[in-house]
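Atoms considered below: every heavy atom in the structure, side chains included; atoms not considered: hydrogens, waters and symmetry mates. Along the sequence shown, residues carry numbers from 1. In listed order, ligands and their atoms are each counted from 1.
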Amino acid sequence: MKKKDLLKLDIASKCIHVGGHPDKETGAIMPPIYQTSTYVQESPGKHQGYEYSRSHNPTRTRLEECLAGLENAKHALVTASGLSCEMLIMHALPVGSTILCSDDVYGGTYRLFTTVFNHIHNYIFIDTTDISNVENAIKEHSVALLWLESPTNPLLKISDIQKISKIAKKNKVKTVVDNTFMSPYFQNPLDLGADIVLHSMTKYINGHSDVVGGALMLNDKKFYEKLWTLQNSTGPSQSPFDSWLVLRGVKTLAIRMEAHQKNAMKVAKWLESHPKVERVIYPGLKSHPQHKLAKKQMHGFGGMITFFLKGDIKKCKKFLSSVSMFALAESLGGVESLIEHPAIMTHASVPKKTREAIGLTDNLIRLSVGIENYNDLISDLDKAFSKI
Ligand code: P1T
């Protein structure tokens, strides 16, 4: 099939076929792992488009082709981690830029902005679920970039990407959306007007907890070239083997996301009726404050659940040590279910006062619901509840 026809296919088909053509040399149906650092040139400067694997690698090129297709983007850049994608965007901005950022973001993002790039740029954290906060901040400050996580990590707050991107565009502000929690299967921010989509590929895109990686998708050729030049100059390129693993993992994105969502809905509803649970946050529940918006801008609700346990940190620790099928670990988006305590683990670098001001309290527990049988998952949680 021609590439332009492939790009018209449903995302489930694109996951398998975009960038998935048979190897021209041998007919191998799976792409070769071009495990090479360099490429032979016919004469100086005369080569086949590949010079050195920090700059380009054919296995990575295929993954970039696939990912651009999944987010309906013209360009994709694959890097060695989600955070290195964030670093490239920050390096691409003029020194002294002002960045408006969702007040609830992954702890590593918060750390990167407030302890590394705060020496170069200015960061303003606001609750982007309230559009008037965005409007006011853009009026008050000379903003260069808007950074949205939607849904946020870990509070699963949802911002109106379409409305916010429109306001940003009017004011010549670029919008970045960290789409890690939804994956390209459940949300496509570029279609809603955002300028750049970011993914930690470590999560749902790869889906098997065996790779760390990041990806950026965008339509602006000039900005893409700037990001690529920065990647080539600073060096966070993904290895050919890791790119190959992601190419393999992403093939099943559609069925995995459906399974994550089905299980998460069952678990969220069960948790909501549990006497030892104070509150459950899941975009698919009617009780979620932005449930209507979630239905409008997302094609599904994903596999992430956050809930508040009735009790203190001691009770939480006991609960977290009592599960056996859910693995107590950072990260998310793999086929296996994970559980974690953001205040101690993924968001430990956010100061306690800041955490508590946004509602990230010590009794908050985050689940990445895997694709095991949901009855098994529920009985695992039930057992742990009986221990506290
Ligand atoms: O870990 P890395 O591939 O560098 O991606 C960073 C990152 C970026 N954006 C979001 C929304 C994320 O959740 C992450 C990484 N998150 C975890 C490791 C976690 O457990 O939340």
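Looking only at heavy atoms of the protein, atom 14 (C) of ligand 1 is closest to Tyr106 CD2, 3.3 Å. The protein atom (non-hydrogen) at minimum distance from atom 20 (O) of ligand 1 is Ser331 N, 2.7 Å. From the protein, the heavy atom lying nearest to atom 5 (O) of ligand 1 is Ser200 OG, 3.1 Å. In terms of protein heavy atoms, atom 13 (O) of ligand 1 is closest to Asn153 ND2, 3.0 Å.
Ligand 1 has no nitrogen or oxygen under 3.5 angstrom from a nitrogen or oxygen of Glu330. Considering backbone and side-chain N/O of Leu198, none are found under 3.5 Å from N/O of ligand 1.
With respect to Lys74 and Asp220, no salt bridge is recorded, no charged nitrogen being found less than 4.0 Å from a carboxylate O. Salt-bridge check for Glu135 with Lys139: failed, with every basic side-chain N at 4.0 Å or more from each acidic carboxylate O.
Taking every non-hydrogen atom of Thr202 and a distance limit under 4.0 Å, the qualifying atoms of ligand 1 come out as 2 (P), 3 (O). Every atom of ligand 1 is numbered from 1 in the order shown, and the set under 4.0 Å from a heavy atom of Gly213 is 3 (O). Within the listing of ligand 1, atoms 2 (P), 3 (O), 4 (O), 5 (O) sit less than 4.0 angstrom from a heavy atom of Gly82. Set against the non-hydrogen atoms of Glu86, the atoms of ligand 1 under 4.0 Å away are 8 (C), 9 (N). Those atoms of ligand 1 with a heavy atom of Thr346 less than 4.0 angstrom away are 19 (C), 20 (O), 21 (O). Of all atoms in ligand 1, numbered sequentially from 1 with element shown, those under 4.0 Å from a heavy atom of Thr180 are 9 (N), 10 (C), 11 (C).
Residues Asn122 and His141 bring no donor and acceptor atom of their side chains to less than 3.5 Å of each other. Of the N and O atoms on the side chains of Thr38 and Glu51, not one donor lies less than 3.5 Å from an acceptor on the other residue.
Taking the six-membered ring for Trp and the full ring otherwise, the centers of Trp147 and Phe113 sit less than 6.0 Å from each other. Taking the centre of each ring, His288 and Phe301 stay at or above the 6.0 Å mark. Taking the six-membered ring wherever Trp is involved, the centroid distance between the rings of His347 and Tyr110 does not fall below 6.0 Å.
Residue Lys310 places its NZ atom among more than 12 non-hydrogen atoms of other residues, nucleotides or ligands, all under 6.0 Å distant. Annotation for Lys251: atom NZ counts as buried by contact number, over 12 foreign heavy atoms lying within 6.0 Å.
Under a 4.0 angstrom heavy-atom cut-off, Gly107 registers as lying outside contact with ligand 1. Residue Arg366 places a heavy atom less than 4.0 Å from ligand 1.
Residue contacts with ligand 1 for Leu332 involve side-chain atoms from C-beta outward but no N, CA, C or O (heavy atoms, distance under 4.0 Å). Contact annotation: for Asp178 versus ligand 1, heavy atoms closer than 4.0 Å belong to the side chain alone. Contacts between Lys203 and ligand 1 below 4.0 angstrom, taking non-hydrogen atoms only, involve the side chain exclusively.
Just one residue in the list Thr361, Asp362, Leu364 forms a side chain to side chain contact (heavy atoms under 4.5 Å, CB included) with Arg355, and that residue is Asp362.
Sorted by first and then second residue, the salt bridge (charged side-chain N to carboxylate O under 4.0 Å, His left out) pairs with a member in residues 28-42 read Glu42-Lys46; sequence neighbours excluded.
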